[in-house]
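Written below as structure tokens is the structure these notes are about.
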Amino acid sequence: MPGFELFDQKEIDALADVIKRKVVHRYSFQGVREGIYRVAEFEDAFAKRVGAKYALGVSSGSAALYVGLKALGIGPGDEIITSAFTFIASIEAILECGAVPVLGDIDESLNLDPTSVESLITDRTKAIMPVHMFGAAADMDAFREICDLHGLYLIEDACQAVGATYKGKACGGLGMWGAFSFDPYKVITVGEGGMIFTDDEELYKKMEYYHDHGHIHNASIERGAEGKACLGFNFRMSELQGALGLVQLSKLDLAIESQKKNKRKILEAIGDVEGVSLRDLPDRDGEIASHLVLILPDGDAAKRFKKACIDAGAGCSILSDNTWHYAKHWVTLREGKYYSRTRCPFDCPYAEDMPLYRPIEWTQTDEILTRSVMFPIDVVVDDARIERLVSAINAGIKAAL
Ligand SMILES: Cc1ncc(COP(=O)(O)O)c(C=O)c1O
């Protein structure tokens, strides 16, 4: 699953090179950097791969989402529809803009269900943000149709889907903008980092300004003399991350191939079993195979599966218990826990019908997640481990059905 599994001398050399040259800032230092801009190279290489005109490296996937929303002008009074099954960063990015996250149900793809979205659209809705969970694309054609019909932005939280494709096109390049994460759990990692992709030059410029205190970047003058387009903040990526990212990107295909091979071996060994299904994906071939999810007939079957699996020596989780990824568990969201005295959007005069985010909110999501069991798929796995996993899964299936 994580790209650090493939770290070797190449990453060490790339980092050592940056340190030896003593230029860690992505901008500035023109006099000593010998024309070397690693973050810019990383952006160019990834833009090419994603098929997007512009890419902006940032300090995290969370920052990518936030900078993207700020560049679209999202603020108090706006609503963004996204999924109840995602990492909380998707929601926090919206909240940080003072806007309201509206969380739709998932379907058996484990991604946002297009049919759950229409009833959530109001005249305050600005965008729909599907999340490509566990490295597999959401049904983007369906979302594009809805967005076109209602005049909404289609934006992508592709943080878990670096390298994934949808009908031959790269995730991250399918909407107005798409965001990647390179945190330590992702298929390629730079420690902490992210990237945003867009084809829209004006939007890209806003992102570029905003993520670096409004700087209108101009390598031919001193950084201190640059003009400022807006107030912004610091979400810059450093040259260390850029250099690491370039090496990791060169290993992305290998990482995905390995995950796919490992997942295929497991699935072939289990075979087709009536009562056990896989995620209902709109493009199965495009997934990066970072996870294996088995969907069982009901929650009791999932509990029996999990126990038998653990007894057989393999860890496995039931997705409804996943406190990281399921909104049902997010007490801080429900209670609107902020350090500030005023809590926009929770106490915001612009926000109407603020959702309550109660645990009972997402019945369809709950019904699916309580019977879904998940295994992460590593990049580097030996055959003995795969055999152990397969026999544990078979024990789980026997107990479940
Ligand atoms: C769906 C999703 N969105 C956003 C993020 C945030 O990325 P980062 O950890 O790089 O801030 C993550 C990270 O796990 C994620 O899974």
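First listed ligand is number 1; within each ligand, the first listed atom is number 1. All values reported here derive from a predicted model rather than from experimental measurement. Scope of the values below: all heavy atoms of this structure, side chains included, with no hydrogens, waters or symmetry mates.
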Any atoms of ligand 1 less than 4.0 Å from a non-hydrogen atom of Ala89? List them with their elements. 4 (C), 5 (C), 6 (C)
Which residue supplies the protein heavy atom nearest to atom 12 (C) of ligand 1, what is that atom called, and how far is it? Phe87 CD2, 3.4 Å
re atom 4 (C) of ligand 1, the protein heavy-atom contact at minimum distance is Cys159 SG, 3.4 Å
Should the ring pair Tyr27 and His217 be called parallel, tilted or perpendicular, given that the plane angle runs from 0 to 90° and is split at 30 and 60? parallel
Polar contacts were defined as any N/O atom of the residue lying under 3.5 Å from an N/O atom of the ligand; does this apply to Gly61 and ligand 1? yes
Which residue holds the protein heavy atom closest to atom 3 (N) of ligand 1, what is that atom called, and what is the gap in Å? Asp157 OD2, 2.8 Å
Out of the candidates Lys22, Arg21, His25, Arg33, only one should pair with Glu239 under the side chain to side chain donor-acceptor pair (under 3.5 Å) rule; please name it. Arg33
Check whether any side-chain heavy atom of Leu294 sits under 4.5 Å from a side-chain heavy atom of Phe305, and report yes or no. yes
Taking 4.0 Å as the limit for heavy-atom contacts, which would you say applies to Ser62 with ligand 1: side chain only, backbone only, both, or neither? both
Can you say whether the rings of Phe46 and Phe182 are parallel (under 30°), tilted (30 to 60°) or perpendicular (over 60°)? parallel
Quick test: of every protein heavy atom, which one is nearest to atom 9 (O) of ligand 1, and how far off is it to 0.1 Å? Asp183 OD2, 2.6 Å
Any idea which protein heavy atom is nearest atom 16 (O) of ligand 1, and the distance to it? Gln160 NE2, 2.8 Å
Counting N and O atoms only, with roles assigned by atom type, does the side chain of Asp148 sit under 3.5 Å from a partner on the main chain of Glu145, one being a donor and the other an acceptor? no
For ligand 1, which atoms sit closer than 4.0 Å to a heavy atom of Val131? 1 (C)
Determine whether more than 12 heavy atoms belonging to other residues, nucleotides or ligands lie under 6.0 Å from atom CZ of Phe7. yes
Proximal ligand 1 atoms for Leu65, defined as those under 4.0 Å from one of its heavy atoms: 4 (C)
Going by the angle between their ring planes, with limits at 30° and 60°, are His291 and Phe134 parallel, tilted or perpendicular? parallel
Apply the side chain to side chain donor-acceptor pair (under 3.5 Å) test between Tyr326 and each candidate in Asp366, Thr365, Asp321; give the one that qualifies. Asp366
Report yes or no: does a heavy atom of Lys186 sit under 4.0 Å from some atom of ligand 1? yes
Residue pair Leu278 / Ile295, side-chain heavy-atom distance below 4.5 Å: no
Could an N or O of ligand 1 be found under 3.5 Å from any N or O of His325, whether backbone or side chain? no
For the 3.5 Å polar cut-off, considering only N or O atoms, please tell me whether Thr86 and ligand 1 meet it. no
